[in-house]
Peer 1: 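Below you will find the structure I want to go over with you.
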Amino acid sequence: MNEMHQLNRNGVVIDDTFAEAFGMRATAIIITAPTLKWARQAAITMTGYATSVIGCGCEAAIDRDLPASKTPDGRPGCRVMIFAMGTDELQKQLKNRLGQCVLTSPGSACFADLEGTAPLDLGNALRYFGDGWQISKKFGGKHYWRVPVMDGEFLCEATTGLTKLAVGGGNLLLLAADNAKALRAAERAVAAIEKVPGAIMPFPGGVVRSGSKVGGKYKGMMASTNDAFAPTLRGLVNSALTPEVNAVLEIVIDGENNDAVTAAMRAGLKAVIELGPKRGAVRISAGNYGGKLGKFHYHLKDLLP
């Protein structure tokens with residue numbers, strides 16, 4: 001194991017290292033429906049297979065649920081965020097996922113929820129499904145499309161905003177004595193981060209076990225297993241693990257901006273530290289590439305409670 005300066009909070013060891021993150025493009029929408037169950041169903045379907053831009057084209061998840069009092073049409077809803085490396089890919093993913101997963105969902109409607117530097121098409125991209133029967137409507141300074149469907153009509157705002165200030169790849173590595181404790185720590189971190197507005201965790205349940213490094217020994221691999229943190233490879237590689245660590249889970253965070261990622265990482269750290277090493281993680285670290293690939297560096301020591 002490489003020597004690294006370490007700190008200690010509540011018996012949990014914190015590596016003096018940083019998470020390295022990247023600039024991304026992002027947008028946000030609000031999906032509403034007659035009930036929260038159906039708003040969430042549309043949102044969950046839309047954000048499926050959106051864990052990593054490496055293989056999915058985008059990263060997406062529900063930011064938060066919204067009560068009827070906080071949505072444009074007075075129905076329960078969800079705020080969804082979607083991230084990509086470029087504007088064209090973000091527009092492609094937004095159009096396809098909106099058309100296949102939200103337009104199709106019973107009683108759904110869709111509204112913009114981000115003011116950015118440029119517009120991305122929502123209803124403007126889907127209106128042609130109306131086959132000439134779609135209706136353009138301007139109300140309160142906003143533009144909507146009403147598209148006839150079999151349960152009535154799909155109301156969708158024409159555009160939403162694009163931000164170029166988004167950040168992807170904030171992360172925490174949670175090292176524990178066994179799988180149960182690693183998962184308990186990860187679940188605590190996820191619950192805390194879910195309360196931070198403007199930040200999402202795109203992997204299943206907010207947690208990823210297959211942390212990666214850049215490249216690999218096989219041709220064409222953009223990423224491969226993070227062998228330094230794989231317990232079964234200890235003794236075979238330059239391991240980052242000490243003998244008491246037998247399971248590692250990672251939390252990956254995307255944010256609307258730098259402040260959102262900072263707040264999310266701080267919340268996750270606090271939750272895991274408060275849980276303590278006997279029930280959760282014995283150590284917290286972070287993934288980086290030596291600071292050479294991403295311009296956003298989140299030093300754990302600066303985020304400690």
Side-chain angles (χ1 to χ4, degrees), residues 20-31 40-63 78-105 108 110 112-114 116-126 128-129 156 159-171 198-216 218-226 250-257 260-261 287 289 293-296:
E20 186 172 355
F22 310 84
M24 298 186 78
R25 307 291 170 90
T27 192
I29 61 172
I30 292 175
I31 299 170
R40 283 191 63 84
Q41 184 61 69
I44 289 169
T45 306
M46 181 186 179
T47 58
Y49 188 57
T51 59
S52 172
V53 292
I54 293 175
C56 305
C58 73
E59 300 176 7
I62 296 172
D63 178 20
C78 299
R79 186 179 197 255
V80 167
M81 299 192 70
I82 181 168
F83 295 72
M85 296 307 294
T87 301
D88 290 346
E89 184 64 25
L90 182 59
Q91 178 65 83
K92 172 186 171 183
Q93 293 287 337
L94 183 60
K95 174 186 175 183
N96 290 346
R97 291 167 183 270
L98 189 65
Q100 295 301 310
C101 307
V102 182
L103 170 65
T104 58
S105 186
S108 66
C110 180
D113 200 51
L114 193 145
T117 56
L120 292 170
D121 288 337
L122 292 176
N124 280 352
L126 300 184
Y128 300 108
F129 182 76
C156 187
T159 64
T160 188
L162 160 78
T163 179
K164 298 181 180 180
L165 300 177
V167 179
N171 67 83
I200 64 165
M201 297 162 285
F203 282 93
V207 185
V208 54
R209 69 171 183 171
S210 57
S212 61
K213 64 179 183 294
V214 174
Y218 296 107
K219 184 178 180 180
M221 288 293 293
M222 293 178 63
S224 61
T225 190
N226 192 351
E250 183 177 6
I251 310 294
V252 175
I253 301 161
D254 296 341
E256 196 169 309
N257 50 44
V261 176
Y289 312 97
L293 298 180
K295 70 176 184 177
F296 297 94

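Along the sequence shown, residues carry numbers from 1.
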Peer 1: With sequence neighbours excluded, give me every salt bridge (Lys or Arg N to Asp or Glu O under 4.0 Å) pair touching residues 40-49.
Peer 2: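 The answer is Arg40-Asp65.
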Peer 1: Quick check: does any side chain N or O of Arg97 sit under 3.5 Å from a backbone N or O of Met46, one acting as donor and the other as acceptor?
Peer 2: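 Here the side-chain-to-backbone pair exists.
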Peer 1: Considering residues at least two apart in sequence or located in another chain, which fulfil the side-chain contact (heavy atoms from CB on, under 4.5 Å) criterion with Ala61?
Peer 2: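 Here the qualifying residues are Ile200.
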Peer 1: Which atom pairs, one a donor and one an acceptor, fall under 3.5 Å between side chains of residues 206-216 and the rest of the protein, sequence neighbours left out?
Peer 2:
unit_1	atom_1	unit_2	atom_2	d
Lys213	NZ	Ser224	OG	3.0
Lys213	NZ	Thr225	O	2.8
Lys213	NZ	Asp227	OD2	3.0

Peer 1: List the residues meeting salt bridge (Lys or Arg N to Asp or Glu O under 4.0 Å) with Glu256, not counting sequence neighbours, and say none if there are none.
Peer 2: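 Salt bridge (Lys or Arg N to Asp or Glu O under 4.0 Å) list for Glu256, sorted by chain: Arg79.
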Peer 1: Could you pull out all residues at least two apart from Asn257 that satisfy side-chain contact (heavy atoms from CB on, under 4.5 Å)?
Peer 2: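 Partners of Asn257 by the side-chain contact (heavy atoms from CB on, under 4.5 Å) criterion, ordered by chain and then number, come out as Asp259, Ala260.
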Peer 1: For Gly161 and Leu120, work out which heavy atoms get closest and say how close.
Peer 2: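 Looking at all heavy atoms of both residues, the closest pair is O-CD1, 4.3 Å.
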Peer 1: Is there a donor-acceptor pair closer than 3.5 Å between any side-chain N or O of Glu20 and the backbone N or O of Lys295?
Peer 2: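 No, the answer is negative, given that no donor and acceptor are paired below the 3.5 Å cut-off.
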Peer 1: Which heavy atom of Tyr289 sits nearest to which heavy atom of Phe22, and what is that distance?
Peer 2: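 Residues Tyr289 and Phe22, closest heavy atoms: CE1-CZ, 3.6 Å.
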Peer 1: If every non-hydrogen atom of Phe83 is compared with every non-hydrogen atom of Val167, which pair is closest and at what distance?
Peer 2: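 Taking every non-hydrogen atom into account, CE2-O, 4.1 Å.
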Peer 1: Using modelled atom types and a 3.5 Å cut-off, is there a donor and acceptor pairing between side-chain atoms of Asn124 and backbone atoms of Leu122?
Peer 2: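 Answer holds: no.
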Peer 1: Donor-acceptor pair, distance only, cut-off 3.5 Å: does the side chain of Thr163 make one with the backbone of Ala26?
Peer 2: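 It does not hold such a pair.
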Peer 1: Which heavy atom of Val261 sits nearest a heavy atom of Gly170, and at what distance?
Peer 2: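 Result for this residue pair: CG1-CA, 4.1 Å.
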Peer 1: Who pairs with Thr104 by side chain to side chain donor-acceptor pair (under 3.5 Å), at least two apart in sequence or on another chain?
Peer 2: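 Partners of Thr104 under the side chain to side chain donor-acceptor pair (under 3.5 Å) test: none.
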Peer 1: Determine the minimum heavy-atom distance between Val252 and Gly169, stating which atoms define it.
Peer 2: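 The pair with the smallest heavy-atom distance is CG1-CA, 4.3 Å.
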Peer 1: Considering all heavy atoms of both residues, which atom of Asn171 and which atom of Gly287 are nearest to each other, and what is their separation?
Peer 2: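 Shortest heavy-atom contact: OD1-N, 2.6 Å.
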Peer 1: My understanding is that only residues two or more places apart in sequence, or in another chain, count here; which of them pass side-chain contact (heavy atoms from CB on, under 4.5 Å) with Glu89?
Peer 2: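 Partners of Glu89 by the side-chain contact (heavy atoms from CB on, under 4.5 Å) criterion, ordered by chain and then number, come out as Ala84, Lys92, Gln93.
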Peer 1: Mind jotting down which residue pairs meet the side chain to side chain donor-acceptor pair (under 3.5 Å) criterion with at least one end in residues 41-50? Sequence neighbours excluded, please.
Peer 2: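 Of all non-adjacent pairs touching residues 41-50, those that pass side chain to side chain donor-acceptor pair (under 3.5 Å) are Gln41-Thr45.
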Peer 1: Got a second to check how far Ile82's CD1 is from Asp254's CG, nearest 0.5 Å?
Peer 2: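 It comes to 11.0 Å.
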Peer 1: Among all residues two or more places apart in sequence or in another chain, which pass the side-chain contact (heavy atoms from CB on, under 4.5 Å) test with Ala43?
Peer 2: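 Only Ile31, Ile62, Cys78, Val80 meet the side-chain contact (heavy atoms from CB on, under 4.5 Å) criterion with Ala43.
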